[in-house]
Amino acid sequence: MADVELVPDGAFRFRIPRGEGMRVPGVVFASAELLPDVAGDQALQQVVNVATLPGIVGASYAMPDVHWGYGFPIGGVAATEPDAGGVISPGGVGFDISCGVRLLAAHCGSESLAPRLRQLMDVLSARVPRGPGRGGIWTLRRAELGEVLTGGARYPVEHGRGVARDLVRCEDGGVLAGAAADEVSERAVDRGLGQVGSLGSGNHFLEVQKVQKVYDERAAQVMGLGEGQVCVMIHCGSRGLGHQICTDHVRTMDRAMDRYGIRVPDRQLACVPADSAEGRSYLAAMAAAANYARANRQVLGDTARRAFAEVMHCPVDLVYDISHNMAKMETHTVDGRERRLCVHRKGATRALPARHPELPDDLAAVGQPVLIPGTMGTASYVLAGVEGGGAWHSTCHGAGRVRSRHRAAREVDGRRLREDLEAAGVVVRGSSARGLAEEAPLAYKDIDAVVRASEGAGLCRRVARLVPLGVLKG
DNA sequence: ATGTCC
């Protein structure tokens, strides 16, 4: 495969000119220091491949944390126009549908938590299911799961797991419209029955963190964050249910593409017109998985809240909950005309600017919170959406992997890593040595550099930097 | 990411 041509195009921005088969150019948001990593794998070729999809509008975008993924790169953003034959592709959402982050702010400071941190982590460790395949806090009957699939975070709130205000601080009010439980296969349902309230594995985590630095006082205040404050960050998704839905629909679309006359340069880009029967079926199942993920994070957040009430006797408020693996129908102005677009964000986060109508009143003053989970033992960030933005109001989602799990496990001693973290004052609970090694910081890009590049590219602005006090991993 | 192969 020929090298992808990258042309510098302003601050923190590179352009991939339209080549054969590309319907739009590629745009890569990155700093020069991040680029060698970006170019080191197949991610840029994937940006080019996405640019060939029917109905794609604007450009095939890559965020500064872009890396190789299934079909689409992780850190990729692509909008298609259904009214012009635009497609929907499960590869543009990812296997972990609606994987995302929930951030909660505790009404306590890190000094008051310090003497009880180990006790708190023990309580959380005992109550938060994690690891591959493990059960969840809830085991549901099929009818109950059906309500989760259409009700999202609202279902746990209505069943004593949360307060009404939680829903105001969730993307879409905690419920993604258009979900259809009957579009979710029996097999996906079976996998989902026992996993609501579970973290999963890999880079998913629950961390107790403290706000180490505030960059934007006003936004931080509106979001309920101040320096020294204790927070809980939860990073997880739709578990086996979302994975099964992706698997089911990739197979269906792979078989259906011919009938729609669609050819793609990589079979992993399987797609169909968004307004076709298969497209609508996927979007309804995807929305159901999104609601499952939101309910999952709601139950986990409520569990953390209860642990804080018991150990610290302090309230915990939801700051925000947002996904970074989703396709959404959105209205954007393109060439002076309002158009309905299907925006794929895979390892990319929506970042609405201040005064956007979808924001709740208080957040409308400062912009939508963007939650960026860092790598274990490193920093995480709270960002905010800004005006302009170059990619349908999107920004980065995390550090971005640069070494395979396999290679990281080979190069890192998990036990040693745990010892180093503990020596640095970070309490680590219940993680396998191999799991720790696979998620070692050296396997990821520098989160500070990713966030600087995202801000420099005009995609977002920094609000606060968070550092871990305690880590719970699968 | 994922009952890391039905």
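Just so it is clear: chains get the letters A, B, ... in the order the sequence lines come, proteins before strands, and each one is counted from 1. What you are looking at is a predicted structure, and each value in this text was computed from that prediction instead of being measured.
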task = Pick base, sugar-phosphate or nothing for Arg239(A), based on heavy-atom distances below 4.0 Å to the nucleic acid.
result = sugar-phosphate

inquiry  = Under 4.0 Å between a side-chain nitrogen and a carboxylate oxygen: does that hold for Arg267(A) and Asp254(A)?
reply    = yes

query = Rounding to a whole Å, what distance do you find between Phe95(A):CZ and dT4(B):P?
reply = 13 Å

request  = Examine dA1(B): is either OP1 or OP2 under 4.0 Å from a nitrogen or oxygen in the side chain of Asn325(A)? Give yes or no.
outcome  = no

ask   = OH of Tyr292(A) versus P of dT2(B): gap in Å, rounded?
value = 11 Å

key: Spacing of Leu199(A) atom CG relative to dT2(B) atom P, expressed in whole Å   = 10 Å

ask   = So what does Gly240(A) touch, heavy atoms closer than 4.0 Å: a base, only the sugar-phosphate, or nothing?
value = sugar-phosphate

task = Give, for atom CD of Gln298(A) and atom CG of Asn296(A), the distance between the pair rounded to the nearest 0.5 Å.
result = 10.5 Å

inquiry  = Heavy atoms only, 4.0 Å cut-off, all strands: where does Gly237(A) land among base, sugar-phosphate and nothing?
reply    = nothing

Minimum-distance nucleotide to Arg187(A) side chain [options: dC6(B), dA1(B), dT4(B)] = dC6(B)

inquiry  = Using whole Å, what does the distance between atom C1' of nucleotide dT2(B) and atom CG of Asn203(A) come to?
reply    = 13 Å

request  = Mark yes or no for whether His344(A), through its side chain, and Ala78(A), through its backbone, hold a donor-acceptor pair below 3.5 Å.
outcome  = yes

request  = Using atom CD of Gln268(A) as one end and atom P of dT2(B) as the other, report the distance to the nearest whole Å.
outcome  = 18 Å

query = Taking only side-chain nitrogens and oxygens of Arg401(A), does any of them come within less than 4.0 Å of OP1 or OP2 of dA1(B)?
reply = no

request  = Assign Gln195(A) to base, sugar-phosphate, or nothing according to its heavy-atom contacts below 4.0 angstrom with the strands shown.
outcome  = sugar-phosphate

inquiry  = Please tell me whether His397(A) and His235(A) form a close aromatic pair, meaning their ring centres lie under 6.0 Å apart.
reply    = no

query = When you check the side-chain N and O atoms of Gln195(A) and Arg134(A), is any donor under 3.5 Å from an acceptor?
reply = no

query = Starting at the 5' end of DNA chain B and moving along, which residue's nearest nucleotide shows up first, Pro132(A) or Arg405(A)?
reply = Arg405(A)

request  = Please state how far atom CZ in Arg130(A) lies from atom P in dA1(B), giving the value in whole angstrom units.
outcome  = 16 Å

Side-chain N,O (Ser201(A)) to OP1/OP2 (dT2(B)) below 4.0 Å = yes

query = Taking CG from Asp248(A) and C1' from dC6(B), how many angstroms apart are they, rounded to a whole number?
reply = 13 Å

task = Nearest whole angstrom, please: distance from the C1' of dT4(B) to the CD of Glu439(A).
result = 14 Å

